[in-house]
Each structure stands twice: as C-alpha cells, then as structure tokens.
Amino acid sequence: MEQASVLANIKKAAAFIKGKYPAKPEIALILGSGLGILADLVENAVTIPYEDIPNFPVSTVEGHAGELLLGTVGGRHVLLMKGRFHIYEGYGVDTVSFPVRVMKELGVEKLLVTNAAGGVNTEYKPGDLMVIRDHINFTFRNPLIGPNLSELGVRFPDMSEAYSRRLREVAHRVAAEQGLTLQEGVYIGLLGPSYETPAEIRMVRTLGADAVGMSTVSEVLVARHAGIEVLGFSCISNMAAGILDQPLSHEEVMETTDRVKQTFLKLILGIIPQM
Ligand code: 6GU
C-alpha cells in the first residue's frame, strides 16, 4: 500500500479511539492465551469492538472479533488488546502489527506482551514464567518491509535491546518481591500452526532459543521501530516436541495457562505501576 495511505489509515483508527477515550494511554498490553481476564481489572474501562475501529483488522477465523479496552490499572492509563492476530490465521505481518502502529499514534510509550510458548530449554517446566531477553525472528517476514514510514521511525532500526533491560529488571524485582521464580530467555517466533518436530526443536535449541511460539515478533518489531519500550513474557505451557515422551496438544497449553494465570496476573499487576 502507498505510504501516505498507510499513515492515513493509522491516523484514522487512532482518531476514532481518541474520540472514545481522550486520555493518552501510556502503556499497551497485548495478552496471549488465557490472560484475557486482566480485562476485568481495568478500571473505568471503555470497550471498543475491533470491528467499530476504522481500518482495524477483525478476527474472521475465531468467530469472535476481539475488542480494545482503555482505562486505568494502578493509576496508569492503559490500552489493552483483548484478542490478537496471528500469522497462522492467514493475516499478513502488516495486519498483525497494525494495532501497534495505532498505539504509537495514540501516544503509547511502553508495550507489555505475553504469549504461551513451548519450553525448549530442558531446565524449564510447564507453568514456568519467562521474561523475554531477546527474540529470534524465524517467521522470515518483517512488517517493516516496504517504504519506510519515516514519521514513525528509521529505515534500519536497531534491535540490540528489543526487550528493555530496564523493564526486565523491574520484572525480576517484582517477581522476587512476590516470591516467584522468573526465568529469563530467548523466544523464537515461528509461523505455526503445526507444532515443531523434535528435529526442529533440537535445531532451535542449538540456535539459542529457550522458548518457542507463534506470535509476538511482528508486534515487537513495529514497536521498536517506533521507539516503544517493550517488556515480554512467555508462559511455558508445555515442553516442546521431543523433550518429554508425549504428544503436544492445545488442551495442554490451555490447561497450563489456566493453572498459572492468577500468578501471572499478579506479576503483571505488580509490574504495571512500576513501568
Ligand atoms: Cl511447542 N510451539 C509453538 N510454536 N508454539 C507453542 C508451543 C510450541 N507451545 C505453546 N505454543
């Protein structure tokens, strides 16, 4: 798409949201499987269905469209995406990351992303929480391809600290205060939707990955391009293929995220006021 019209699309979506919630959201939250319940803790929330927002992608695959929540958490104005978009659903990386561009236009300065991921590091256990130190883009797609939107960021954005050291330190401090063990490691993002083979998992371990998933990377690339500070977490919902002698299932992913969601939520609620 033409550069000018991409910018116009972003601005139009942002203007619509501003009309419903005039305050500047400082922190944005994109929460993966199972953590949607955080939405219940947003105070004075304004809810906007994605389908109402001009140019916003709508989920055609999962049946229910998703919604944006704006409100406060711990006294901070937040924007929360209830429902995200994945490449495996058939969306392009530009669509998957479009909401992040709108966040920037709204004045968002910090992004907290979470996902469910398979454990690649054999020291990990299902139910572990991992703060993301860095990622490997194994989708081989990049939402920044195309004419650079120089109003948003530079042509060749630096990724040497994609996941903020400062925010990772906040996460470790809050986790320690809560008596929680928090892993830190490298997330590798693949296309999915099939889980990996044992040979692929041995490969990504060799490449330096600790956790494997199907989301997050596109959104973080766009956020960093725009200078948004990022904090990411993976909930290790299961061990990746070939580590345990058992097949992988989405049910296991859902069961584990459900089991740890209160702990995860408490951690995130502890972190938000300190971001
Ligand atoms: Cl094992 N792989 C991927 N790609 N995504 C996952 C997963 C595994 N477990 C949860 N999400």
Side-chain angles (χ1 to χ4, degrees), residues 29-38 59 61-62 66 81-93 96-97 112-143 162-163 182-221 231-265 267-268:
L29 307 157
I30 306 177
L31 304 179
S33 321
L35 284 183
I37 48 163
L38 179 61
S59 184
V61 179
E62 271 173 54
M81 277 184 77
K82 218 179 152 184
R84 62 141 60 110
F85 303 94
H86 301 89
I87 305 168
Y88 65 72
E89 293 176 86
Y91 299 106
V93 283
V96 170
S97 59
L112 195 162
V113 282
T114 77
N115 57 54
V120 171
N121 184 323
T122 56
E123 308 273 295
Y124 289 1
K125 298 180 308 298
D128 278 357
L129 299 179
M130 182 190 95
V131 62
I132 303 176
R133 184 192 315 121
D134 205 348
H135 78 215
I136 298 172
N137 181 2
F138 234 57
T139 67
F140 304 109
R141 301 181 186 185
N142 195 310
Y163 298 82
L182 182 61
Q183 308 283 8
E184 178 168 321
V186 173
Y187 174 86
I188 188 163
L190 280 70
L191 293 173
S194 45
Y195 293 122
E196 301 70 28
T197 64
E200 287 163 347
I201 292 305
R202 284 192 299 275
M203 172 185 73
V204 301
R205 188 181 300 119
T206 306
L207 295 176
D210 296 294
V212 61
M214 307 173 190
S215 67
T216 305
V217 166
S218 302
E219 295 98 315
V220 171
L221 290 172
L231 177 61
F233 293 97
S234 291
C235 169
I236 306 301
S237 53
N238 53 280
M239 296 312 288
I243 298 175
L244 305 175
D245 188 19
Q246 64 182 49
L248 272 50
S249 73
H250 184 58
E251 284 65 41
E252 186 188 3
V253 173
M254 299 312 283
E255 265 167 42
T256 309
T257 50
D258 197 57
R259 173 163 66 79
V260 301
K261 73 180 176 196
Q262 294 304 339
T263 310
F264 204 174
L265 208 56
L267 176 66
I268 288 166

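Since we're looking at a predicted model, the values are computed, not measured. We count ligands from 1, going down the list as the structure has it; atoms in each ligand are counted the same way. The basis for the numbers below is simple: all heavy atoms, side chains too, and nothing from hydrogens, waters or symmetry mates.
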Would you mind checking which non-hydrogen protein atom is closest to [atom], with the distance to 0.1 Å?
atom: atom 8 (C) of ligand 1; value: Y195 CD2, 3.5 Å
atom: atom 11 (N) of ligand 1; value: A116 O, 3.5 Å
atom: atom 7 (C) of ligand 1; value: G118 N, 3.4 Å
atom: atom 6 (C) of ligand 1; value: V212 O, 3.6 Å

> Taking atom types as modelled, is there a side-chain donor on E252 or N238 under 3.5 Å from an acceptor on the other?
Replying inline: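 Note: E252 and N238 side chains miss the donor-acceptor criterion.
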
>> Walk me through whether Y187 and V217 qualify under side-chain contact (heavy atoms from CB on, under 4.5 Å).
In response: CA-CA 9 Å; Y187 174 86; V217 166; 4.2 Å; yes

> Are S237 and ligand 1 in contact, using a heavy-atom cut-off of under 4.0 Å?
Replying inline: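 Checking ligand 1 against S237, which is what was asked, there is a heavy-atom contact under 4.0 Å.
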
Ligand 1 versus [X]: contacting region, heavy-atom distance under 4.0 Å:
X: E196; result: side chain
X: L190; result: neither
X: A241; result: neither
X: L248; result: side chain
X: N238; result: side chain

I'd like to check which ligand 1 atoms, numbered from 1 as shown, lie under 4.0 Å from a non-hydrogen atom of [X].
X: A240; result: 1 (Cl)
X: G213; result: 3 (C), 4 (N), 5 (N)
X: M214; result: 3 (C), 4 (N), 5 (N)

Any heavy-atom pair between the side chains of [Y] and [X] that's under 4.5 Å?
X: L267; Y: L182; value: yes
X: E89; Y: V96; value: no
X: E219; Y: I30; value: yes

>> Under a 3.5 Å distance rule, please check whether T114 uses its side chain to pair with a backbone N or O of L31 as donor and acceptor.
In response: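 Answer holds: no.
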
>> For the backbone of S237 and the side chain of T256, can you confirm whether one donor and one acceptor N or O come within less than 3.5 Å of each other?
In response: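 It does hold such a pair.
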
>> Is there a side-chain contact (heavy atoms from CB on, under 4.5 Å) between I132 and N115? Walk through the geometry before answering.
In response: CA-CA 10 Å; I132 303 176; N115 57 54; 3.9 Å; yes

> Using the ring of each side chain (for Trp, its six-membered ring), is H86 parallel, tilted or perpendicular to Y88, with breaks at 30° and 60°?
Replying inline: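 Rings of H86 and Y88: parallel, as their planes differ by under 30°.
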
